[in-house]
Amino acid sequence: MTHVAEHCIAGPLLRRAIRPRRVASARARPRCRDRRWPEVAAALVSLRAARRCSVRIVDADCGSGALLLCAVRYARALGFTAIEARGIDDTPALVGRARASAMVLHDAAIGITFEKGDLVRALDEEADFPADIVMWHGCAGCSAEEVQAVACAGHRLIADPVVVA
């Protein structure tokens with residue numbers, strides 16, 4: 001006669017086997033190497049703390065889209081239910097890479113586009129319905145028209161931090 005206990009998984013092993021996976025906490029920020037990331041994350045947290053459910057983010061001069069994709073994923077982790085994101089760059093190869101990276105996002109709450117185009121013209125379109133967050137590298141030699149277009153494109157502008165040498 002065999003005992004039932006001999007055919008069962010041991011107690012500690014059973015607990016490990018059925019332990020649910022930990023869900024990523026909204027407080028655990030994704031890793032992003034861009035120097036603007038801390039400010040972007042803080043802006044998203046403050047919008048969510050204000051009970052916002054939707055957010056619009058524009059990344060002017062987005063490059064391969066890494067910062068914008070990181071922001072979109074973090075916004076979703078915070079609980080935003082409608083996320084509209086737009087990346088603009090004038091380099092076709094980088095826009096192609098950004099689009100390819102965005103293809104892995106399969107979430108109905110996220111609408112993301114990357115487009116090649118003139119920065120000033122694209123940001124002038126944004127001025128009619130300003131975004132919540134505009135991310136921009138900024139530049140020392142920019143024209144007044146470009147600076148004006150960026151300033152009018154959104155409610156909060158996040159540019160590269162100024163490094164004093």
Asker: Leu94: which other cluster members, linking ILVMFWY side chains closer than 4.5 Å, directly or transitively?
Answerer: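 Cluster partners of Leu94: none, it stands alone.
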Asker: Determine the minimum heavy-atom distance between Leu68 and Gly87, stating which atoms define it.
Answerer: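 Closest approach of Leu68 to Gly87, heavy atoms only: CD2-N, 3.6 Å.
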Asker: Can you sort out the partners of Asp61 under salt bridge (Lys or Arg N to Asp or Glu O under 4.0 Å), two or more places apart, ordered by chain and number?
Answerer: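 None.
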Asker: Can you give me the closest heavy-atom contact between Leu44 and Ala71, atom names plus distance?
Answerer: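 Minimum heavy-atom contact is CD1-O, 3.6 Å.
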Asker: Got a donor-acceptor contact below 3.5 angstrom from the Arg56 side chain to the Ile83 backbone?
Answerer: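 Not at all, since once roles are kept as given, no pair shorter than 3.5 Å links the two residues.
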Asker: Between Ser46 and Arg156, what is the shortest heavy-atom contact and its length?
Answerer: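 Between these two residues, the closest heavy atoms are OG-NH1, 4.0 Å.
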Asker: What residues, two or more places apart in sequence or in another chain, satisfy side-chain contact (heavy atoms from CB on, under 4.5 Å) together with Ala153?
Answerer: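 Here the qualifying residues are Leu123, Glu126, Val134.
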Asker: Find out whether Glu84 and Val55 are in side-chain contact, i.e. whether some heavy atom of one side chain is under 4.5 Å from a heavy atom of the other.
Answerer: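 Of all side-chain heavy-atom pairs linking Val55 with Glu84, none is under 4.5 Å.
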Asker: Decide yes or no for Trp136 and Val58: does some side-chain heavy atom of the first lie under 4.5 Å from some side-chain heavy atom of the second?
Answerer: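 Answer no - side chains too far apart.
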Asker: List the residues meeting side chain to side chain donor-acceptor pair (under 3.5 Å) with Thr91, not counting sequence neighbours, and say none if there are none.
Answerer: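 Listed in chain order: Asp89.
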Asker: Which heavy-atom pair separates Phe114 from Gly65 by the least distance, and what is that distance?
Answerer: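 Of all heavy-atom pairs spanning Phe114 and Gly65, the closest is CE2-CA, 3.7 Å.
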Asker: Can you name the residues that form a side chain to side chain donor-acceptor pair (under 3.5 Å) with Glu125, not counting sequence neighbours?
Answerer: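 Partners of Glu125 under the side chain to side chain donor-acceptor pair (under 3.5 Å) test: Arg86.
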Asker: List the residues meeting salt bridge (Lys or Arg N to Asp or Glu O under 4.0 Å) with Asp107, not counting sequence neighbours, and say none if there are none.
Answerer: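 Listed in chain order: Arg76.
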Asker: So, taking the atom named SG in Cys70 and the one named CG in Asp59, what distance separates them when rounded to the nearest 0.5 Å?
Answerer: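 Reported value, rounded in 0.5 Å steps: 11.5 Å.
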Asker: The criterion is side-chain contact (heavy atoms from CB on, under 4.5 Å); which residues satisfy it with Val120, sequence neighbours excluded?
Answerer: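 Result, side-chain contact (heavy atoms from CB on, under 4.5 Å) vs Val120: Asp118, Asp124, Glu145, Glu146, Ala149.
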Asker: Nearest 0.5 Å please: distance from the CZ atom of Arg36 over to the CG atom of Leu67.
Answerer: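 Interatomic distance, Arg36 CZ to Leu67 CG, rounded to 0.5 Å: 5.0 Å.
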Asker: Give me each pair satisfying salt bridge (charged side-chain N to carboxylate O under 4.0 Å, His left out) with a member in residues 42-53, each pair once, sequence neighbours excluded.
Answerer: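 For residues 42-53, and leaving out neighbouring residues, the salt bridge (charged side-chain N to carboxylate O under 4.0 Å, His left out) pairs sorted by first residue read Arg52-Asp132.
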Asker: Nearest 0.5 Å, please: how far is CE in Met135 from CD1 in Ile88?
Answerer: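 Here the rounded value is 10.5 Å.
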Asker: Looking at CZ of Arg97 and SG of Cys62, how far apart are the two atoms once the value is rounded to the nearest 0.5 Å?
Answerer: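 With rounding to 0.5 Å, CZ (Arg97) is 11.0 Å from SG (Cys62).
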Asker: Go through the steps to decide whether Trp37 and Tyr74 satisfy the test side-chain contact (heavy atoms from CB on, under 4.5 Å), and finish with yes or no.
Answerer: CA-CA 11 Å; Trp37 174 246; Tyr74 187 56; 3.7 Å; yes
Asker: Is there a path from Ile133 to Ile110 through hydrophobic residues (I, L, V, M, F, W, Y) whose side chains come within less than 4.5 Å of each other?
Answerer: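 Hydrophobic grouping puts Ile133 with Ile110.
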Asker: Can you measure from CD1 (Ile112) to CZ (Arg73) and round to the nearest 0.5 angstrom?
Answerer: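 Going from CD1 on Ile112 over to CZ on Arg73, the span is 8.5 Å.
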Asker: Does one hydrophobic cluster hold both Leu157 and Leu119, with members joined at side-chain heavy-atom distances below 4.5 Å?
Answerer: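 Yes; tracing contacts between hydrophobic side chains, which count when under 4.5 Å, links both residues.
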